[in-house]
Structures are given as structure tokens and as C-alpha cells.
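Since the structure comes first, as C-alpha cells, the remarks are kept for the end.
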Number of protein chains: 2
Amino acid sequence: MKNRLKVARAEHNLSQADLADRIGVSRQTVNSIETARYVPSTVLALKLAQVFGKPVDQLFMLEETD
Amino acid sequence: MKNRLKVARAEHNLSQADLADRIGVSRQTVNSIETARYVPSTVLALKLAQVFGKPVDQLFMLEETD
DNA sequence: TCACAATGTCAAGTTGATTTTACATATATT
DNA sequence: AATATATGTAAAATCAACTTGACATTGTGA
């Protein structure tokens with residue numbers, strides 16, 4: 001699964017730590033999701049979508065390997 | 001988190017087992033997600049959205065408790 | 001009534017998401 | 001040079017997702 005978190009974060013001028021605070025997880029979790037080490041839960045995906053004002057599908061996209 | 005899987009499944013006339021096959025998980029997993037015992041991964045949410053031709057946000061919705 | 005499909009749920013086990021703590025590095029600011 | 005901010009990553013622990021297998025219930029058709 002790909003994601004556009006880094007770009008969305010840049011658009012909103014948020015650090016990984018800022019974003020982590022906003023969605024109630026650790027900074028490392030945000031970093032791990034962003035670098036695609038972890039697949040987040042749907043609750044986290046929805047919270048991220050809420051923060052960025054974009055639908056989940058515009059933040060996370062399936063790949064062939066999924 | 002709430003979900004509209006049961007309705008979407010009815011609209012597409014799919015059993016829980018059918019749906020499970022389509023997204024590559026066990027029948028019990030579909031049942032557990034539908035009855036909100038488990039929060040699915042974002043990959044599963046995207047696959048469900050794909051099967052039903054609806055965005056993730058129309059299948060899963062945050063609640064105050066999330 | 002007898003099968004059968006669909007659903008709900010439980011228990012035990014494995015894997016993976018998330019946390020905390022910690023360290024390293026790069027960049028910018030003073 | 002020193003301090004601070006942002007990022008990347010690693011190890012160990014915890015908890016939740018997901019699996020398999022199994023059993024019970026409900027509704028439906030033969």
C-alpha cells in the first residue's frame with residue numbers, strides 16, 4: 001500500500017510529531033506508517049483523512065502486491 | 001467506528017463467506033469486522049471499498065469514542 | 001422432517017501494529 | 001561551537017488483528 005502522507009503533511013506544514021499528537025499516536029508510529037513499515041488501522045486512516053480534509057482513498061492506495 | 005458492510009453486502013447480494021473470499025480473509029474476520037469486534041487494517045478497508053465500488057469513508061465512519 | 005446455507009461466536013495460536021526508550025544524523029538558529 | 005528541531009531507526013514489550021477449527025442457531029428448500 002502506498003501513501004501520500006509526506007506530501008499532505010507538507011501541505012499542512014505539520015511535523016511527524018505534530019501529526020502524531022493530532023491523531024493520538026506516537027511519533028514513531030506516524031513515521032512507520034509514512035515509510036510504509038506499518039499498515040495503519042482503519043480508525044487511524046480515518047483520523048488522518050479528517051486532519052487533512054481528504055478522503056482516505058486519496059491518502060492511501062492499494063498496490064498490486066496487496 | 002461504525003460500518004455499513006451489512007447493507008453494502010445486501011446491495012451486492014454477497015454472503016460473508018463470499019466477501020471473505022473476495023478480499024482474501026477468513027469468514028470469521030468478515031463477521032468480526034461487520035459486528036465491530038475488530039478494526040480492520042487500511043488494506044482491508046481499501047479492498048472492501050474496491051469490491052463495493054464505494055470510497056472507504058462511505059463504508060467506515062468514526063465515532064466520538066474513537 | 002432433513003439437509004443446507006448463512007450467521008454468530010468462542011478458544012487457542014501466530015503475526016503484526018503500536019508504545020516506550022533510546023540513539024544517530026542532518027539542518028537550522030544563536 | 002552549542003542548542004534545538006525534525007527525522008530515521010532499533011529493541012523489547014503489549015495488545016489487537018487475523019487464522020483455523022469447532023459448535024450453535026436460524027431460516028429455507030426438498
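Numbers restart at 1 for each chain; the letters A, B, ... are given by sequence-line order, proteins then strands. No experiment lies behind these values; they were computed from the predicted model shown.
- Contacts of A:Ser41 with the nucleic acid, taken as non-hydrogen atoms under 4.0 Å apart, involve only primed sugar atoms and P, OP1 or OP2.
- With the nearest nucleotide of DNA chain C identified for both A:Pro40 and B:Arg9, B:Arg9 has the one nearer the 5' end.
- Between A:Asn31 and D:dG8 there is a side-chain polar atom (N or O) within less than 4.0 angstrom of OP1 or OP2.
- Contact annotation for B:Ser15: backbone-only contact, meaning every heavy-atom pair under 4.0 Å involves sugar-phosphate atoms and none involves a base.
- Screening A:Arg9, A:Lys6, A:Arg27, A:Lys2 for a salt bridge (Lys or Arg N to Asp or Glu O under 4.0 Å) with A:Glu34, the sole residue that qualifies is A:Arg9.
- Place A:Val39 and B:Ala17 on DNA chain C by their nearest nucleotides, and B:Ala17 ends up nearer the 5' end.
- The side chain of A:Ser26 contributes an N or O atom lying less than 4.0 Å from OP1 or OP2 of C:dT19.
- Nucleotide C:dC10 holds its C1' atom 12 Å from the CZ atom of B:Arg27, rounded to whole Å.
- Regarding A:Gln28, its CD atom lies at a distance of 12 Å from the P atom of D:dG8, rounded to whole Å.
- For B:Gln16 and C:dG8, the shortest distance from a side-chain N or O to OP1 or OP2 is below 4.0 Å.
- Following rounding to the nearest Å, B:Lys47 (NZ) and D:dC18 (C1') show an atom-to-atom distance of 13 Å.
- The distance between atom CG of B:Leu19 and atom C1' of C:dT7, rounded to the nearest whole Å, is 14 Å.
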